[in-house]
Amino acid sequence: MEIRTRFAPSPTGGLHLGGVRTVLYNYLFARQNGGKFILRIEDTDQTRFVPGAEAYINDCLNWCGLKPDEGPETGGHYGPYRQSARKDIYKKFAEELIAKGVAYYAFDSPEALEKMRNAFKTTENPSPQYDRQVRMKMQNSLNLGEAETQKRISAGEAYVVRIKIPDDETIRFNDMIHGEVSFESSVVDDKVLLKADGMPTYHLAVVVDDYLMKVSHAFRGEEWLSSAPVHILLWKYLFGLDKMPQWAHLPLILGPNGKLSKRDGAKYGFPVFAMNWTDPKTNDFTEGFKEKGFLPEAFINMLAMLGWNDGTTQEIFTLDELIDKFSMDRVHRAGAKFDYEKAKWFNQEWIKKLDPDDLCKRVAMSLTSKGLNLPDVNYLKKVTELVKERCTLLSDFYDQALYFFKTPETLDLESIKPKWNSEKAGFFDDYIQWLSAQTAWNSQDLETGFKNLAIQKNIKPGELQLPFRIMLVGAKFGPAVFQIAEMIGAEETIKRIKNALILLHA
RNA sequence: GCCGCGUUGGUCAAGGGGUUAAGACGCCUCCCUUUCACGGAGGAAUCACGGGUUCGAAUCCCGUACGUGGUACCA
């Protein structure tokens with residue numbers, strides 16, 4: 001049997017962390033078993049349709065390198081892959097369920113439902129369900145009779161189709177992560193299967209499409225666990241439990257307090273979505289990992305480890321290694337709190353790990369996007385190698401490398417002034433002279449010359465290094481000063497020293 | 001309220017009857033470096049609580065507490 005997994009998002013907004021991890025686990029499982037990974041767009045709620053959301057999801061998957069084998073863009077033999085385009089299919093199955101006596105028509109308006117909930121509400125039961133307790137008191141084919149039901153339907157009265165949950169049945173299934181999970185049917189409600197607009201709800205659509213698309217393993221977030229009994233029943237009624245995919249309900253990714261929300265991101269200053277997303281309706285902006293400066297490799301690596309490990313102490317994995325080593329039975333059961341500090345660490349590790357040429361390309365993109373004009377690649381490559389261990393995000397390269405390309409606009413003179421004196425000023429005057437006379441220009445010689453001159457003048461070389469650094473960099477950071485001098489060249493080095501001396505004189 | 005799922009340091013977590021209870025992030029101390037980092041050496045856990053079972057329990061069982069998800073003609 002071919003292994004087929006699917007990711008089935010609804011195109012209603014940004015793709016968040018947990019969503020990407022669900023994609024990842026689906027993808028890894030499919031890949032390692034030589035199977036297929038499918039993207040299916042669950043756009044059955046027309047009131048929540050958000051233009052651009054589907055394209056955005058594609059962009060995110062692309063960026064992450066988790067491309068589906070089948071989907072709305074890619075195509076495939078089991079299309080269409082947008083549920084809105086499969087509307088007619090679901091109706092047929094809804095009718096089949098009615099014919100089998102396990103579903104029924106219901107005419108209750110939203111207002112009538114609201115009234116029912118209010119009428120039956122008690123302290124012990126604050127949210128009454130449409131279930132066996134109340135269904136015989138409502139307007140549905142169960143108590144209206146066939147004739148009346150047909151009459152209403154012919155008259156064009158709006159109706160939904162609801163599943164008729166059995167009275168006393170224990171519904172069990174085996175979850176790949178949680179093991180055996182069971183529910184009493186008596187606490188499950190008669191979920192709507194087909195809405196008044198003719199569209200299916202998620203419950204009908206997942207089951208039908210998983211069957212039709214031959215999905216062998218269905219992985220989704222744990223928030224779906226409570227509706228699993230409805231899906232199990234539907235499988236039993238429609239296609240047989242033996243055809244049902246293996247379920248795995250993935251642990252939730254939590255924020256600082258409770259389920260991770262995009263609000264947490266804004267509140268605590270970390271991205272929550274894979275890529276930047278602006279809601280076209282509300283104009284609400286949410287930052288993405290990509291734009292924040294994350295490498296997709298690091299993002300994926302971090303997500304993989306949030307809820308899974310291979311049992312060793314290895315934490316840095318390439319996608320290929322993950323495909324090789326991932327296993328569902330090592331997925332942790334409990335929800336995991338997202339730790340932004342650790343996420344940044346993964347990024348830093350990946351910056352160090354990446355092939356220099358590859359890194360250089362990405363740094364170039366980041367730098368040019370911030371308006372920096374880059375000379376030749378070889379120069380940038382050297383700069384990148386020199387500063388990379390000081391960068392945790394791709395976006396850090398700008399601050400860390402800017403002085404290699406531009407004369408600093410401000411200098412942290414406060415850090416040198418307290419210990420500044422005319423002897424030191426004299427030293428730099430002479431150093432300029434010495435530098436001007438150099439024909440060879442390399443960090444080693446520059447340093448030797450610097451130290452010799454300092455000794456000559458009876459000043460500790462160390463005391464001069466910080467001022468020199470601030471002259472060249474503008475602040476107290478960066479790689480060895482003499483390497484910086486070597487990189488920016490004689491002319492620029494001398495210019496920067498002169499600049500600083502003027503400022504220190506004033 | 002009801003139902004489901006979960007609970008090993010601040011966080012991610014290994015370990016699934018006998019261990020000094022791994023490792024990583026973060027934090028703190030120190031070394032390296034007269035910058036910032038990298039790197040290196042250290043420091044910090046009564047395994048949620050209470051009962052069992054057992055010679056022995058973080059590990060098995062039962063309760064309780066807490067957390068979390070669901071309880072829509074949303075997914």
Side-chain angles (χ1 to χ4, degrees), chain A residues 8-13 42-45 47-48 83 106 108-110 113-114 117 121-131 158-162 175 177-178 181-184 186-189 191-203 205-206 220-229 249 251-252 254 256-259 302 305-316 330 332-346 348-349 352 387-392 400 412 415 460-470 473 475-481:
Chain A
S10 65
T12 53
E42 309 225 330
D43 55 351
T44 54
D45 186 352
T47 64
R48 293 211 307 161
Q83 291 184 330
D108 315 281
S109 65
L113 293 174
E114 180 69 25
R117 288 193 185 103
K121 184 155 58 173
T122 61
T123 0
E124 294 85 58
N125 185 8
S127 47
Q129 307 186 115
Y130 198 119
D131 59 14
Y159 68 87
V160 301
V161 174
R162 306 187 89 111
D175 187 276
I177 293 168
H178 297 280
V181 179
S182 69
F183 297 84
E184 292 305 319
S186 56
V187 299
V188 180
D189 64 331
K191 284 265 183 295
V192 169
L193 263 22
L194 205 65
K195 299 187 265 191
D197 64 359
M199 279 289 192
T201 58
Y202 172 82
H203 304 106
V206 240
R220 64 206 329 185
E222 206 187 275
E223 69 268 26
W224 291 108
L225 195 52
S226 2
S227 49
H249 289 88
L252 264 11
L254 278 7
N257 13 316
K259 192 179 177 182
M302 179 273 291
M305 301 308 287
L306 209 55
W308 174 86
N309 69 82
D310 76 339
T312 73
T313 58
Q314 183 176 353
E315 291 193 275
I316 303 300
R330 289 201 64 89
H332 210 251
R333 295 160 200 276
K337 205 174 275 186
F338 170 66
D339 180 3
Y340 186 49
E341 294 305 318
K342 184 92 187 216
K344 285 193 289 190
W345 176 80
F346 275 106
Q348 190 174 22
E349 290 303 305
K352 286 190 278 185
V387 304
K388 72 176 183 185
E389 61 199 20
R390 275 154 260 260
C391 298
T392 61
Q400 289 294 333
D412 175 18
S415 294
K460 281 186 200 153
E463 298 217 349
L464 294 160
Q465 275 194 42
L466 184 66
F468 191 29
R469 165 174 302 281
I470 287 175
V473 177
K476 290 193 278 187
F477 66 88
V481 239

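Residue numbering restarts at 1 for every chain, and letters A, B, ... go by the order of the sequence lines.
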remark   = Writing each nucleotide of RNA chain B 5' to 3' as (, ), [, ], | or . by Watson-Crick or G-U pairing under 3.5 Å yields ((((((((.[[[..)..(....]]].(((((.......)))))....[[[[[..)....]]]]])))))))....

query = Which part of the nucleic acid, if any, lies within contact of A/Gly307, taking any heavy atom under 4.0 Å across all strands shown: a base, the sugar-phosphate backbone alone, or nothing?
reply = sugar-phosphate

key: Touch class at under 4.0 angstrom, heavy-atom based, for A/Phe183 against every strand present   = sugar-phosphate

inquiry  = Please determine whether a side-chain nitrogen or oxygen atom of A/Gln348 lies at a distance below 4.0 Å from atom OP1 or OP2 of B/C38.
reply    = yes

ask   = Which distance, rounded to the nearest 0.5 Å, do you find between the CE of A/Met302 and the CD of A/Glu349?
value = 14.0 Å

request  = Look at A/His332 and B/A14 and indicate whether a side-chain polar atom (N or O) is within less than 4.0 Å of OP1 or OP2.
outcome  = yes

inquiry  = Counting the atoms with a prime plus P, OP1 and OP2 as sugar-phosphate, which does A/Gln83 contact under 4.0 Å by heavy atoms, base, sugar-phosphate, or nothing?
reply    = nothing

message = So, OP1 or OP2 of B/C5: does either fall under 4.0 Å of a side-chain N or O from A/Arg333?
response = no

key: Pairwise P distance, B/G4 and B/G63 [rounded to whole Å]   = 12 Å

inquiry  = By the 4.0 Å heavy-atom rule, please label A/Thr12 as base, sugar-phosphate, or nothing.
reply    = nothing

ask   = P atom, B/A65 versus B/A58: distance in rounded Å?
value = 23 Å

request  = For B/C28, measure the glycosidic angle (O4'-C1'-N9-C4 for a purine, O4'-C1'-N1-C2 for a pyrimidine) and name it syn if it falls within 90° of 0, otherwise anti.
outcome  = anti

request  = Sticking with atom P, work out how far B/U46 lies from B/U64, rounded to a whole angstrom.
outcome  = 26 Å

request  = Determine the Euclidean distance between corresponding C1' atoms of B/A44 and B/C27; express it in Å to zero decimal places.
outcome  = 10 Å

query = With a non-hydrogen cut-off below 4.0 angstrom, is A/Glu463 in contact with a base, only sugar-phosphate, or nothing?
reply = base

query = Taking atom CD1 of A/Ile470 and atom NZ of A/Lys476, what is their separation to the nearest 0.5 Å?
reply = 6.5 Å

ask   = Does a nitrogen or oxygen in the side chain of A/Arg48 sit under 4.0 Å from OP1 or OP2 of B/C74?
value = no

message = Just verifying a value: how many Å separate A/Ile177 CD1 and A/His249 NE2, rounded to the nearest 0.5 Å?
response = 9.0 Å

task = Look at the rings of A/His203 and A/Trp224 and say which category their plane angle falls in: under 30° parallel, 30 to 60° tilted, over 60° perpendicular.
result = perpendicular

query = How far does the C1' atom of B/A45 sit from the matching atom of B/G26, given to the nearest Å?
reply = 16 Å

request  = Name the nucleic acid region contacted by A/Val181, choosing base, sugar-phosphate or nothing; use a 4.0 angstrom heavy-atom cut-off, strictly under.
outcome  = sugar-phosphate

inquiry  = Counting distance alone, no hydrogens or angles: does the base of B/A72 have a donor or acceptor under 3.5 Å from a partner atom on the side chain of A/Lys191?
reply    = no

inquiry  = Any salt bridge linking A/Lys337 with A/Asp339? Criterion: basic side-chain nitrogen under 4.0 Å from a carboxylate oxygen.
reply    = no

key: Residue-phosphate contact under 4.0 Å: A/Arg117 side-chain N/O, B/C73 OP1/OP2   = yes

message = If you compare every side-chain N and O of A/Lys195 against the phosphate oxygens of B/C74 (OP1, OP2), does one of them come in below 4.0 Å?
response = yes

key: OG1 on A/Thr392 to CD on A/Gln400, rounded to 0.5 Å   = 9.5 Å

ask   = Hey, does A/Lys344 reach any base, or is it just sugar-phosphate, or nothing, if we go heavy atoms under 4.0 Å?
value = nothing

task = Under 4.0 Å between any heavy atoms, over every strand shown, what does A/Asp197 touch: base, sugar-phosphate, or nothing? Just pick one.
result = nothing

Sugar-phosphate only, base, or nothing, as touched by A/Gln465 at under 4.0 Å among non-hydrogen atoms = nothing

message = Rounded at 0.5 Å granularity, tell me how far CZ in A/Arg48 sits from OG1 in A/Thr12.
response = 4.5 Å

ask   = Looking at A/Asn125, does any N or O in its side chain come under 4.0 Å of the phosphate oxygens OP1/OP2 on B/G1?
value = no

request  = Look at all strands and tell whether A/Thr44 reaches a base, only sugar-phosphate, or nothing, counting heavy atoms closer than 4.0 Å.
outcome  = sugar-phosphate

inquiry  = What's the gap between B/C62 and B/U53 when it is taken at their P atoms, as a whole Å value?
reply    = 15 Å

key: Any A/His249 side-chain nitrogen or oxygen under 4.0 Å from OP1 or OP2 of B/C5   = no

request  = Tell me what A/Thr123 touches on the nucleic acid: a base, only sugar-phosphate, or nothing, going by heavy atoms under 4.0 Å.
outcome  = sugar-phosphate

ask   = Under 6.0 Å from the six-membered ring centre of A/Phe477 and within 45° of its axis: does the NZ or CZ of A/Arg390 meet both?
value = no

message = Base, sugar-phosphate or nothing for A/Ala336? Non-hydrogen atoms, less than 4.0 Å.
response = sugar-phosphate

query = With a 4.0 Å cut-off on heavy atoms, is A/Ser109 in touch with a base, just the backbone sugar-phosphate, or nothing at all?
reply = base

ask   = Would you say A/Lys388 reaches B/C38's phosphate, i.e. side-chain N/O to OP1/OP2 under 4.0 Å?
value = no

